[in-house]
Asker: 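Attaching a single structure in structure tokens format; questions to follow.
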There are 2 protein chains.
Amino acid sequence: MDQSKRKCLESKGWKIGTASDFLELTPEEAIVVEIKLALSQSLRERRQKLMTQKDVAAKISSSQPRIAKAENGDASVSIELLIRAMLATGATPRDIGQIIAGVG
Amino acid sequence: MDQSKRKCLESKGWKIGTASDFLELTPEEAIVVEIKLALSQSLRERRQKLMTQKDVAAKISSSQPRIAKAENGDASVSIELLIRAMLATGATPRDIGQIIAGVG
DNA sequence: TAACAATATATCAGATATGATATAAATACA
DNA sequence: TGTATTTATATCATATCTGATATATTGTTA
């Protein structure tokens, strides 16, 4: 990973150490990060076509700020919240599965 | 869902209310439960062929009891831990995506 | 431009998930 | 049978994730 991507991730709360790559993460952790970012991106793309962050939040009893963080790839957002938000946009398990399958 | 399945889920900590179906869960929550159970099952199947719960735990800095809970579909286990455990068995994002895509 | 809607950022207390530990129960296998 | 291995259950302090709230920023539209 290049310098700019690392800085980007760090600004969102990801702790990827001082190395210039994912070397400080186990392979499993690195893939989890990639899965989260893929879901995050996809959530934003889907949601923008259909509704506001507030709408998504209401459907899953969350809050607009939390959906903003989800879409921004913030490290504090769980995979579960990302999936719940995706589902709120009408995504199916099939849609979500395909996004995850496309990682790596 | 029949009575026995409901009792089974409840014994694992799932709060599905008093109804005889998933009616007390939002559609999104119900799907999340199904995704967790699917990952849980798949984890056990994959893991048993390859290694012990202790082995999986070591690979992802978790503990054997936690892996046991993951395989038993305990409600306290996050999707993230399920995915990390799957990855520890050698599952790829593609494998995981297919399992999720098959829900519903 | 002004006014409004949408999104981003900051903070925080409460809830949930965590690994660790101890140990019970089950399973394998000599 | 007994003994070792594996898995399940219970408890707990800590870390992480949560929604709520306030508010700043950005974007849109009159």
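All heavy atoms count here, side chains included; hydrogens, waters and symmetry mates do not. Note on naming: letters A, B, ... go to the chains in the order of the sequence lines (proteins, then strands), and numbering restarts at 1 for each one.
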Asker: Have a look at B:Leu39 and tell me which of B:Val103, B:Ile96, B:Leu81 forms a side-chain contact (heavy atoms from CB on, under 4.5 Å) with it.
Answerer: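 Testing B:Leu39 for a side-chain contact (heavy atoms from CB on, under 4.5 Å) against B:Val103, B:Ile96, B:Leu81 leaves exactly one candidate, B:Ile96.
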
Asker: Quick one: are B:Leu82 and B:Ile35 in side-chain contact, heavy atoms under 4.5 Å?
Answerer: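 Of all side-chain heavy-atom pairs linking B:Ile35 with B:Leu82, none is under 4.5 Å.
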
Asker: Send over the distance from A:Leu82 CG to D:dG19 P, rounded to a whole Å.
Answerer: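 The answer, rounded to whole Å, is 11 Å.
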
Asker: Could you state the NZ-P distance from B:Lys54 to C:dG19, rounded to the nearest angstrom?
Answerer: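 About 17 Å, once rounded to whole Å.
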
Asker: Whole angstroms only, please: what is the NZ-P distance between B:Lys12 and D:dT9?
Answerer: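 So the two atoms are 9 Å apart, to the nearest Å.
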
Asker: Out of C:dT18, D:dA20, D:dC17, which nucleotide sits closest to the side chain of B:Ser76?
Answerer: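 The listed nucleotide nearest to B:Ser76's side chain is C:dT18.
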
Asker: Grab the NZ-C1' distance between A:Lys69 and D:dC17 for me, whole Å please.
Answerer: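 One finds 12 Å between C1' of D:dC17 and NZ of A:Lys69, rounded.
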
Asker: Return the value, rounded to whole Å, for the distance between atom CE of A:Met51 and atom P of C:dA5.
Answerer: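 About 18 Å, once rounded to whole Å.
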
Asker: Nearest heavy atom decides the nucleotide; on that basis, is B:Gln53 or A:Ser61 closer to the 5' end of DNA chain D?
Answerer: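 Final value for this comparison: B:Gln53.
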
Asker: For B:Asn72 and D:dA8, is the shortest distance between a side-chain N/O and OP1 or OP2 below 4.0 Å?
Answerer: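 Answer yes for this pair, as a side-chain N or O of B:Asn72 is under 4.0 Å from OP1 or OP2.
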
Asker: Distance check needed: C:dA17 P versus B:Trp14 CH2, whole Å only.
Answerer: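 Spelled out: CH2 on B:Trp14 to P on C:dA17 is 8 Å.
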
Asker: Heavy atoms under 4.0 Å, any strand shown: does A:Ser62 hit a base, just sugar-phosphate, or nothing?
Answerer: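 Sugar-phosphate, backbone atoms only, no base.
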
Asker: Is a donor-acceptor pair below 3.5 Å formed from side chain B:Gln64 to base D:dA8, judging by atom type as modelled?
Answerer: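 For B:Gln64, whose side chain was compared with the base of D:dA8, there is a donor-acceptor pair (under 3.5 Å).
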
Asker: May I ask you to say what B:Leu81 touches in the nucleic acid, namely base, sugar-phosphate or nothing, with a heavy-atom cut-off under 4.0 Å?
Answerer: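 B:Leu81: backbone/sugar contact only, no base atoms under 4.0 Å.
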
Asker: Please classify the nucleic acid contact of A:Thr52 as base, sugar-phosphate, or nothing, using heavy-atom distances under 4.0 Å.
Answerer: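 Sugar-phosphate contact only.
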
Asker: D:dT7 C1' sits how many Å from B:Leu43 CG, rounded?
Answerer: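 Rounded to the whole Å, the gap is 13 Å.
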
Asker: Check the distance between D:dT16's C1' and A:Arg66's CZ and give it to me in whole angstrom.
Answerer: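 From A:Arg66 CZ to D:dT16 C1': 10 Å.
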
Asker: Report the residue (B:Ser78 or B:Pro65) whose heavy-atom-nearest nucleotide on DNA chain C is the more 5′ of the two.
Answerer: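 Its nearest nucleotide being more 5', the pick is B:Ser78.
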
Asker: Would one find a side-chain N or O of A:Arg84 under 4.0 angstrom from OP1 or OP2 of D:dG19?
Answerer: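 Indeed, a polar side-chain atom of A:Arg84 lies that close.
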
Asker: When you look at A:Cys8 and A:Lys12, which way does the side chain to side chain contact (heavy atoms under 4.5 Å, CB included) test go after all the steps?
Answerer: CA-CA 7 Å; A:Cys8 174; A:Lys12 291 169 179 173; 3.8 Å; yes

Asker: Is there a side-chain contact between B:Arg44 and the phosphate of D:dA8, meaning an N or O under 4.0 Å from OP1 or OP2?
Answerer: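 Looking at the OP1 and OP2 atoms of D:dA8, one of them is under 4.0 Å from a side-chain N or O of B:Arg44.
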
Asker: Does A:Glu71 reach the side chain of A:Glu45, with side-chain heavy atoms less than 4.5 Å apart?
Answerer: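 A side-chain contact under 4.5 Å is absent here.
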
Asker: So, OP1 or OP2 of C:dA6: does either fall under 4.0 Å of a side-chain N or O from A:Arg47?
Answerer: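 No, because none of the side-chain N or O atoms of A:Arg47 sits under 4.0 Å from OP1 or OP2 of C:dA6.
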
Asker: Can you check whether B:Glu28 reaches B:Val32 side chain to side chain, under 4.5 Å on heavy atoms?
Answerer: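 No - every pair of side-chain heavy atoms lies 4.5 Å or more apart.
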
